[in-house]
Undergrad: 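Provided herewith is a single structure, encoded as structure tokens, for subsequent inquiry.
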Amino acid sequence: MRVGTSGLVLNEKLLFEHSDPGRKGYSLPELDVPSSDLPRELCRDEIPGFPELSEVDVVRHFTRLSTWNYGVDSGFYPLGSCTMKYNPKVNETAARLPGLADLHPATPAHLAQGALGLMYLLQEALAEISGFAAVTVQPAAGAQGELAGMLMIRAWHEAQNSSRRKVLIPDTAHGTNPATAALAGYDVVPIASDGVLSMAEVEAHMDDDVAALMVTNPNTLGLFETHIEKICRVVHERGGLVYCDGANLNALMGIARPGDMGIDVMHFNLHKTFSTPHGGGGPGAGPVGVAEHLVPFLPKPVVVKQGDTFRLDDDRPQSIGRLLAFNGNFGIMVRAYAYIRTMGAAGLKRASEMAVLNANYIRACLEDTFDLPFKSRSLHEVVFSDRRLAGGCHTIDLAKRLIDYGYHPPTIYFPLVVKG
Amino acid sequence: MRVGTSGLVLNEKLLFEHSDPGRKGYSLPELDVPSSDLPRELCRDEIPGFPELSEVDVVRHFTRLSTWNYGVDSGFYPLGSCTMKYNPKVNETAARLPGLADLHPATPAHLAQGALGLMYLLQEALAEISGFAAVTVQPAAGAQGELAGMLMIRAWHEAQNSSRRKVLIPDTAHGTNPATAALAGYDVVPIASDGVLSMAEVEAHMDDDVAALMVTNPNTLGLFETHIEKICRVVHERGGLVYCDGANLNALMGIARPGDMGIDVMHFNLHKTFSTPHGGGGPGAGPVGVAEHLVPFLPKPVVVKQGDTFRLDDDRPQSIGRLLAFNGNFGIMVRAYAYIRTMGAAGLKRASEMAVLNANYIRACLEDTFDLPFKSRSLHEVVFSDRRLAGGCHTIDLAKRLIDYGYHPPTIYFPLVVKG
Amino acid sequence: MRYLPHTQEDVAAMLGRIGIDSLEDLFAEIPAAVRLERPLNLPPPLAESELLRELRRLAGMNAGVADFHSFLGGGAYNHFAPAVVDQLISRGEFYTAYTPYQPEISQGTLQAIFEFQTLICQLTGMEAANASMYDGASACAEAVLMAVRLTRRHKVLISRALHPGYRATVTAYCRYLDMQLEEVAVAADGRTDPADLLAKLDEDTAGLVIGYPNYFGCIEDLGQAAAAAHAAGAQLIAAVAEPLALGLLKSPGELDADIVVGDGQSFGLPVSFGGPYVGFFAARQKSLRAMPGRLVGETTDLDGKRGFVLTLATREQHIRREKATSNICSNQGLCALVTTIFLSLFGKQGLRELAMQNHAKAAYTRQGIEALPGFSLPFAAAGFNEFVVRVESGDTAGVLAALEDQQILGGIPLGGEYPELQDCFLVCVTEQNTRQEIDELVAALAGGAAS
Amino acid sequence: MRYLPHTQEDVAAMLGRIGIDSLEDLFAEIPAAVRLERPLNLPPPLAESELLRELRRLAGMNAGVADFHSFLGGGAYNHFAPAVVDQLISRGEFYTAYTPYQPEISQGTLQAIFEFQTLICQLTGMEAANASMYDGASACAEAVLMAVRLTRRHKVLISRALHPGYRATVTAYCRYLDMQLEEVAVAADGRTDPADLLAKLDEDTAGLVIGYPNYFGCIEDLGQAAAAAHAAGAQLIAAVAEPLALGLLKSPGELDADIVVGDGQSFGLPVSFGGPYVGFFAARQKSLRAMPGRLVGETTDLDGKRGFVLTLATREQHIRREKATSNICSNQGLCALVTTIFLSLFGKQGLRELAMQNHAKAAYTRQGIEALPGFSLPFAAAGFNEFVVRVESGDTAGVLAALEDQQILGGIPLGGEYPELQDCFLVCVTEQNTRQEIDELVAALAGGAAS
Ligand SMILES: Cc1ncc(COP(=O)(O)O)c(C=O)c1O
Ligand SMILES: Cc1ncc(COP(=O)(O)O)c(C=O)c1O
């Protein structure tokens, strides 16, 4: 399939350039109470530069802008590390249901049992899928999940009167891993990997100032960290904890559980593995699963069940506190819950199998054409380099040329360990 | 503004060409009752050629197809005769409200008071806007409204024991007018207009075999039929009735009412004057307003109010009957009602004024450039011919070139009285 | 006013360009005598939030299927529509476009209609389908007119078991045309009476219209009817008010129908108090030029690329005027798109499975009611997802009212349209009715509703 | 499974191409010891219709604003969102796109974010805004960190009248960093105590965070706070949980704030039990490189055409890794789009009028409650659309429960976060509360809820 000629291409100005003084795009009921003035000195005159548009101006502006975008609904979107799933339409309907969308976060728990129940059921489902003892659904994205996780690791160390200062992070890691470790007050120690982490490298760095190892599994090369169990054992033996970046969980649902591998804490990206839309850069959600020993440190409030009722438990003295003003990206939780209930156990496993099948199929089709720096069996993604590209072509050229053919390019220049 | 280069253009196959045996795009609950077989000889094997697609296939297919279309939401859409208004978004929300969208047409009247009430209020509002004694909201589109109207005219004649066989139709009329007259069993007599109908032409043709005159006001040249009152008087004096094609009512809301001009019956196009979407060719709705003497002949059932309750009145012996299986395009009525309630009297008048202002402004800007065959003051549309176009250019070339500039072309080669 | 972009300055500048002083002047050609000299008497305008509040209030007075267990059918069916359908038709490029008269910027609509036409042909077993009609009833009327055009005969037979709304619509459409409609009786088993049919078919019979399934939910012997019609030189018109049945039943085309019409509402359209729905119209290739309505055809552009255009417009009123095959102009385009998306999702397997579920649930309900004292099933013919129930006491209204009190819409009383079935009502069961709902219906009927 | 397009034949062919025999083999690298040898223990899959039924059941257990008169605010506001907003963000090109890393096919998102940033600058009176943060609270935490970065100081003062959720979030973010947070007391009028503030500002103070309006709905004297902060060399951070107030109030920029953060939820986002909302973050041009999060900038392509790209990515974690200005990656892009569309619709006049209505309704309510025996208003400072009510009897819980019985969510009890305000609750009134609802609230309070 090639780029066709049937479509329309429309230019569009900035919305401010459409503005015309006196246009209105809103309606308000007549004020039904006496008007009331704020003290003059508190008030501004007008908002300089703010637009004035009619409703049709606004509709056309954003409709036209949208046509400049490519989404999962437009076609194949093979971004490595991003898990660009189909975003089910019924989930959009679900998140907008009255009773969910119009529920205020300060509603008393007895009048919000449906919402709290949904959060609880989602926590339970994620715990089962990942093999962790408990899950918080509060964090707003993967990186915030990482922060929650690293703060819990630090709180755990403090609770043992340990004040370790270092975190080991492999060179394949996503940039959020070191950035998060730093935000939790840690010094980052990069460690080398050769496709996967070797025991030697871990053992060489795992000293008694290391609080944790952050690992991604499968890692950003799409490879399963084959020594993961042993790695966890060594880290634990030497007094550290293991954080897992769960961005790539889509390879493992129903196949293997990070919690069973010895990992202490992991974030999920609901906007990856659990089909919620990326939204052009969020909102997502980054729940975190923890092993038993980290449960006391979970961000608060935690949704708990007592008998048949649910409530937000705030009375958690060892908690790291809260990372958002309210209960997290509830609308995203609704979508993820809808996905899990739609797929069921067999469906989730099948989704993982098909993702891995697809990546390996692409690999099989292209490994004679492109350079494949790491050769062990891929899971849900495969990373090529541009070394074998002829004619002075680089990854970026390939990426842009794919656009000409109507496809979204793959993720490029990541992970940093692969050249091009 | 010119066609830009920011947009995407994507090819797309036929949906059948995406099909792959075994794909599924649906889900059904497990059957919770015993299965039951129909006698074998009644059953087909499978539906040859029917597609098999997953949900994401379907979403991508239609998303991509849509990008080949231009809508009112894409930009300026200056089709004469079509009244391409902005289609308000809240009306789409309104028509989908539970209680409206999921109401079955056979619901007993006492459990459908809201819907019947809405239909009644819409009838009343349309009657007030048009100056007619009563309105039926049953017909599904303008042409079906015409049919309802012409059948009523014929029924009225029959009730007077008159069996006139001819209908006068000006050469500027839309094709549905003669087609409808024929469907009502009439012979069509075309009459000439010179921009507007002259009294002489009407008087020359108005004999005692003429059942009706069908007139469009403002007509398809965008001109007000200035002699309309006298024309109605003459037709009435000679025993005929006057049908008005109300497609162009958008020029007159709050300005003048067809019912006050002596017209006996007129259809509305809710998908024109009352902002409901054209939908790429429908659904619309074509209510019909009638003067007092035609009320007994309205299609049945009619929504009537008794005390505080509404019901469908089926007991109308002189009615022409029904033209659809149920109550008409109710979802379109909801949108039109929403529009009327949003605009109010002043808003509707302003809409007419702005439409007429726009058409005259375009005329003022272009009348030095293009040939303007009819020179009297335009209402909501203006018709140019291609006579003055240089370089062998014709209307069709101009239309297609406008597309290159990102605009929808105006209506072309209509009405037939204007060359090119 | 948020829908009108004009500012005061715009208006002044535009009036200046036009060369007039006021908006008043724009209407100079309208004689004073017919000017409206007062404001329209309409309720004051509502803000968007107020409008929704008011419409929610009206909606709240209606008994939607969210609040009631509904067993209403009779040409409008409570089927589930996947969320995909509404989200796709809500794309502005689809629903705010006009009829695709400019193919260069309407290929989306055109290809989708082409796909609709193809799906309808596959479903009905016919060779040519149009871009849609208003609804099943008006499509049926157009079919009758086409049969008359094709045969140049003047009599059309209509089965009394055809949907009453369809029959009434045919009657209204044909009211002043030079033709007669004659009714064919219903046999004891609920199907069209073959003897009466044969007796009425003659050399002036243009066509015969039969519901498939018919209004009572019974599956007509279409093959036999086709043979009889064809023997008399008449066209067989099959009218399909519940097209989901075609997921299981032999197609009318296979059974030799000449014209197949029906309503696509079952395929993704909400019942919406009766509309908008979507009529479909399919026929044989040889009758193509006699067909009413728009047709989309495939073509290639100058570069050899496939494209789609409105075709055979010479049948239509824009060109043919009073000689057109129909007066229809706007049809139900967006509803045809709904149907197309729905059928794309369900496809070959899904439509069959959906039809099976409907049939199984109706059969289960039928058995449940049949076993109740006080009720009987007058018609023995096989049915799809509807059937007629007789109230032995004769108090149909009382039975249905008692059900309403239990938030059940139990069925459509038949007495209004069929005085001979004053003691009967029509029950419809779809995949949306759970076994529990069905059991509640049966229990409610058992528990005194019959008394 | 309707979301997975693979057929059995596809799977077989693909396995063949890969050169393995089974799906099992794909996972050969995963050691047997960590394989899951049983199916996941999850509830059975639901069909789409069942799923919606289940979610409607859960939704039905919640007290949404459709059923209750709600006076809950406190950082999440019940404002009306025009239908346009949701319909536009529901376009697949917007919501199913990834972060705009490939500008050639992401100009829609990029230009919209650029417009968002511009609107936030205009609204806050600042010079640079980022592409969004998770919410107001986390934006506030990031602002604190930025103040520390900019000043290289270690102490940050936080007003006790700042939203408790914001305070808690700042605390958690800063938990293990080399810095101290100190609280500034609340004065009797409900605003930050200027004396305590001055006393605590010193040469190690990096910044001062003040709510504008604050959690009690009071309008802080931001100008005075800015002067004090600047005199000490500290940054003033204004945190705006109800940005609608900025439709009326002087902008924080005008009052000399250095960093302005807040939450855009009021502008078109449903309250949705707490999220997703959208944090905004604006600062001075000179601090641009110290800002957290993504930024979109304008550029021109080779043909001189305007375009937009992600810019200054060198601050971000992809490149800077542990030295990044923040760890944020995905933000709340689609929610920023909501806000952009909402503000485009309301614009200059609309936002002002909306703000006026909110203020007028709150003032009306405030007067109504103030006049009631048994209730008083502890704080005298001017407010926007929220205010604190004191229950003289001290039985706040009883009062609110009595309101609930009348389908009124009367406010947020303050005792949990402010033990000194155990007898108080926070009332919020928006344009969505009609006078009738307000009168009902006042009547309910009068009629015994006070007892
Ligand atoms: C491997 C990996 N880790 C972490 C993240 C950060 O997740 P988020 O963007 O949800 O904060 C990503 C996102 O792209 C990722 O791919
Ligand atoms: C003048 C005129 N009359 C009648 C019609 C027919 O209306 P409808 O398409 O609603 O049947 C139209 C529609 O284009 C028209 O422009």
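Just so we're clear, the structure is a prediction, and the values are computed from it rather than from any experiment. Throughout, a chain's letter reflects where its sequence line sits, starting with A, and its residues are numbered from 1.
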Undergrad: Examine whether an atom of Tyr361(B) lies under 4.5 Å from a heavy atom of chain C, and if so say whether it belongs to the side chain, the backbone or both; otherwise answer neither.
TA: both
Undergrad: Do the side chains of Phe50(B) and Leu123(C) get nearer than 4.5 Å, heavy atoms only?
TA: yes
Undergrad: Taking the side chain as everything from C-beta on, heavy atoms only, tell me whether Phe224(B) gets closer than 4.5 Å to Val34(C).
TA: yes
Undergrad: Could you tell me if the ring centre of His271(B) sits under 6.0 Å from that of Tyr98(C)?
TA: no
Undergrad: Picking from Asn177(B), Thr176(B), Thr180(B), what satisfies side chain to side chain donor-acceptor pair (under 3.5 Å) with Asn327(C)?
TA: Thr180(B)
Undergrad: Are Met354(B) and Leu23(C) close enough that some pair of their side-chain heavy atoms sits under 4.5 Å apart?
TA: yes
Undergrad: List the atom of Cys365(B), the atom of Arg17(C), and the distance in Å for their closest heavy-atom pair.
TA: CA-NH2, 3.6 Å
Undergrad: Does some side-chain heavy atom of Tyr176(C) sit less than 4.5 Å from a side-chain heavy atom of Leu183(B)?
TA: no
Undergrad: Between Val278(C) and chain B, which part of the residue has a heavy atom less than 4.5 Å away: side chain, backbone, both or neither?
TA: neither
Undergrad: Would you mind checking which part of Arg2(C) comes under 4.5 Å of any heavy atom in chain B, side chain (CB onward), backbone (N, CA, C, O), both or neither?
TA: side chain
Undergrad: What residue in Tyr339(B), Tyr70(B), Phe62(B) has the most heavy-atom pairs under 4.5 Å with chain C?
TA: Phe62(B)
Undergrad: Heavy atoms, side chains only, cut-off 4.5 Å: are Ile105(C) and His408(B) in contact?
TA: yes
Undergrad: Do Leu111(B) and Glu404(C) make a side-chain contact, defined as non-hydrogen atoms from C-beta onward lying under 4.5 Å apart?
TA: yes
Undergrad: Can you tell whether the side chains of Lys361(C) and Asp32(B) come within less than 4.0 Å, N to carboxylate O?
TA: yes
Undergrad: With a 4.5 Å cut-off on side-chain heavy atoms, are Arg322(B) and Ser138(C) touching?
TA: no
Undergrad: Indicate whether the side chain of Asn358(B) and that of His6(C) have a donor and an acceptor atom separated by less than 3.5 Å.
TA: yes
Undergrad: Quick check: does any side chain N or O of Arg377(B) sit under 3.5 Å from a backbone N or O of Ile30(C), one acting as donor and the other as acceptor?
TA: no
Undergrad: Salt bridge check: are Lys348(C) and Glu46(B) linked by an N-O gap of less than 4.0 Å?
TA: yes
